[in-house]
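As a basis for the values below, the full set of heavy atoms in this structure was taken, side chains included, without hydrogen atoms, waters or symmetry mates. A note on names: the letters A, B, ... follow the listed sequences, proteins ahead of strands, and every chain is numbered from 1.
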Amino acid sequence: MAVSTLGQPKRAKSLVNRFKPGDWVFTTLAGAAAAIVALVIVGLFWQLFAQSREAIGHAGIGFVTSTTWDPSHETFGVLAFVAGTVITSVFALVFATIIAVLVALFLVEIAPQRVARPVSYLVELLAAIPSVVYGLWGIFVMGVFIRDHFGPVVTSTLGWIPVFDGTPLITGLFSACIILTIMILPTVMAVSRDVIAAVPSSQREGILALGATRWEAIRIAVLPYARSGVMGAAILGLARAVGETLAVTLVIGNSVKLPENIFSPAYTMASVIANQFPEATGLHRSALLEVALLLLVITFFINVVARLLVWRVTKGQRAMVQE
Amino acid sequence: MSEVRTKVPEVANGRGEAPRLAPDVAPGGANGREHERRVTIEVENLQAYYGSKHAVADVSMQIYANSVTALIGPSGCGKSTLIRCFNRMHEFVQGARVDGKVLLDGSDIYAAGVDPARVRQRVGMVFQKPNPFPTMSIAENVAAGLRFLGVRNKSEIGDRVERALKDASLWEDVKNDLKKPGIALSGGQQQRLCIARAIAVEPDVVLMDEPCSALDPIATLKIEDLMRVLAERYTIVVVTHNMQQAARVSDFTAYMLAAEDRVGRLIEYRRTEDLFTRPRDKRTEDYISGRFG
């Protein structure tokens with residue numbers, strides 16, 4: 001056997017701590033990146049607050065309790081916009097989540113691979129369509145359909161209920177609700193699908209072995225296991241719905257009055273900022289920045305509530321689950 | 001429900017198939033009880049496939065009531081596939097299918113018009129890793145299968161939960177914590193919870209697919225003791241990769257092996273004592289003496 005000519009192989013000798021440049025650079029860079037994120041949030045809050053101070057001093061609490069928004073008379077009340085944002089977002093949240101979970105269950109539990117893949121891909125494609133395209137489709141296709149077909153049927157059958165008794169137009173609250181539902185559907189569906197697919201097969205087999213049918217297995221084992229993840233998916237969708245601006249601005253009708261029924265033209269907080277900011281000066285501008293501040297606070301609040309909800313649901317079912 | 005009674009030696013001799021697929025009774029070892037055993041499951045010429053892959057071929061065997069039957073063999077020999085054919089869990093894998101017959105108390109569970117969910121109410125299953133439902137309490141876990149039987153009465157549910165937990169020797173551990181989540185228990189307790197869940201619906205057969213492979217030795221011994229006790233009321237079929245376990249707990253042992261074609265076949269099926277002490281097939285002997293596997 002040949003004798004090695006390389007001499008002693010390299011071994012560790014000293015135990016003394018040495019300077020490790022790679023570690024130092026990595027720690028510093030990662031820390032800086034984290035700090036920047038925090039600074040952006042704090043800076044955003046501070047700037048919005050500083051620039052809306054004039055409006056806060058002017059309108060006081062009336063800003064959020066009044067429904068009169070009249071920049072020419074320097075009256076600023078945003079309740080109608082808040083209502084528009086809340087109604088459209090909650091509607092979209094509820095309907096998109098229901099549809100998304102059904103689609104996700106179909107893709108994961110029922111459809112064979114050769115169907116599931118293309119359908120999945122198509123739904124995700126919805127997320128790639130630009131907002132303005134949704135808005136234009138909403139006006140020219142969906143809006144017209146609502147005005148000519150869907151609206152009249154609703155008002156003639158359900159018109160005795162006040163919220164359904166209106167004049168269907170191309171644009172309005174209902175159009176915005178539908179557009180938002182379609183727009184957040186891909187996000188909620190994709191996350192729900194992944195969450196449901198991640199339910200261990202041992203859970204399905206466990207309930208099936210007790211004599212469950214397929215639907216019973218979904219209801220008793222799959223959905224409860226996935227519920228915290230599905231809630232997370234819904235919250236992601238809600239955040240998108242609250243912030244969505246362009247498509248909603250195109251279809252909601254842009255009326256500063258509090259909506260009276262589902263077909264009324266309305267406004268959302270994001271839309272009013274987008275529409276009026278370019279021409280706004282002075283107090284008007286400051287008031288719009290206060291709307292932005294309020295929007296940021298609401299989004300922040302939604303996220304905190306969502307985290308609490310998810311935390312409450314997952315409490316006790318964390319790491320102990322055996323995959 | 002037809003009751004198939006058969007004298008064990010007659011089965012072995014009368015059919016005269018090779019390899020011998022019915023456990024034979026050794027001349028000196030026969031006692032009155034073992035002469036006559038009721039057949040719970042009769043497997044006739046079973047073939048199991050995953051898509052185009054033939055996984056298990058030509059299995060015919062009888063599984064006897066109130067006994068523990070062990071399926072042993074090296075990895076990939078088809079023992080888990082076979083046991084999953086006994087309660088129609090096999091078909092949940094996409095492309096999986098079965099040919100042949102599996103008679104449960106005389107009626108074929110693969111016959112047209114049979115509802116697999118109802119088969120599973122009579123043939124329960126315990127899995128390799130404990131799989132309690134994480135969103136349910138201990139009591140809810142045990143009661144999970146009762147609703148499929150239409151048991152809705154609260155006090156009846158409570159009684160059956162208590163009885164199942166006692167039978168699974170878990171009652172003393174959890175009687176004050178019935179509302180706690182099932183996954184808060186230790187691994188061995190979780191597996192006994194899963195056994196309680198399976199027997200709460202009063203099945204005829206309990207299938208166990210390597211029920212101890214995720215457990216420590218002490219928890220394993222508890223489950224093994226439990227199998228012996230449960231065999232007084234249920235028919236137990238257990239898949240195990242552990243030959244000592246098969247020798248300790250089972251009355252009958254089936255040895256399976258996949259040859260070069262990777263299709264699993266039943267090599268030898270006899271009383272446990274005989275299979276381990278006087279194997280007839282060279283391949284069985286090689287396996288139990290540790291010469292391969």
Side-chain angles (χ1 to χ4, degrees), chain A residues 101 105-117 119-120 192 195-232 309-323, chain B residues 84 86-95 115-137 140-150 179-187 190-191 193-194 197-201 203 206-209 214-215:
Chain A
V101 169
L105 284 173
F106 173 76
L107 295 178
V108 176
E109 305 286 335
I110 298 165
Q113 280 290 312
R114 61 175 198 285
V115 177
R117 271 175 203 280
V119 173
S120 226
S192 303
V195 164
I196 289 168
V199 174
S201 58
S202 67
Q203 291 288 314
R204 293 183 185 86
E205 292 190 336
I207 195 83
L208 289 166
L210 292 169
T213 63
R214 185 187 296 216
W215 160 239
E216 285 164 340
I218 289 171
R219 185 166 54 88
I220 298 163
V222 176
L223 283 180
Y225 194 98
R227 69 184 172 189
S228 63
V230 169
M231 281 170 69
L309 271 175
V310 171
W311 175 78
R312 261 194 53 161
V313 167
T314 48
K315 195 172 57 172
Q317 73 172 71
R318 275 159 302 190
M320 287 173 285
V321 183
Q322 305 223 9
E323 293 284 317
Chain B
R84 291 167 66 91
F86 294 171
N87 66 342
R88 296 192 59 172
M89 289 296 283
H90 174 65
E91 59 205 61
F92 276 105
V93 180
Q94 268 199 4
D115 177 1
R118 302 187 85 172
V119 170
R120 294 183 202 111
Q121 289 176 342
R122 289 182 53 195
V123 186
M125 192 163 209
V126 175
F127 297 85
Q128 207 168 33
K129 283 181 181 163
N131 57 349
F133 303 122
T135 55
M136 295 184 196
S137 70
E140 287 166 344
N141 261 285
V142 179
L146 295 176
R147 66 178 96 187
F148 310 133
L149 293 174
K179 295 217 162 92
K180 286 198 180 159
I183 47 170
L185 299 170
S186 73
Q190 286 188 23
Q191 194 63 303
L193 179 65
C194 293
R197 187 173 74 186
I199 61 180
V201 296
V206 180
L207 307 174
M208 300 190 178
D209 188 357
L215 305 181

Select one option (side chain, backbone, both, neither) describing which atoms of [X] are under 4.5 Å from chain A's heavy atoms.
| X | result |
| --- | --- |
| B:F92 | side chain |
| B:V126 | neither |
| B:R88 | neither |

For [X] versus [Y], what's the shortest heavy-atom pair and its separation?
| X | Y | value |
| --- | --- | --- |
| A:L210 | B:Q121 | O-CG, 3.8 Å |
| A:G206 | B:F133 | C-CZ, 3.8 Å |
| B:P134 | A:Q203 | CD-OE1, 3.3 Å |
| B:M136 | A:I220 | CE-CG2, 3.3 Å |
| A:A212 | B:F148 | CB-CZ, 3.4 Å |
| A:R219 | B:R147 | NH1-NH1, 4.3 Å |

| field | Test item: A:S202 and B:Q128 side chains (from C-beta on) under 4.5 Å apart, heavy atoms | value | no
| query | Would you say the side chain of A:L208 lies within less than 4.5 Å of the side chain of B:M125, judging by non-hydrogen atoms? | reply | no
| query | Is it true that A:E205 and B:R84 make a salt bridge, defined as a side-chain N closer than 4.0 Å to a carboxylate O? | reply | yes
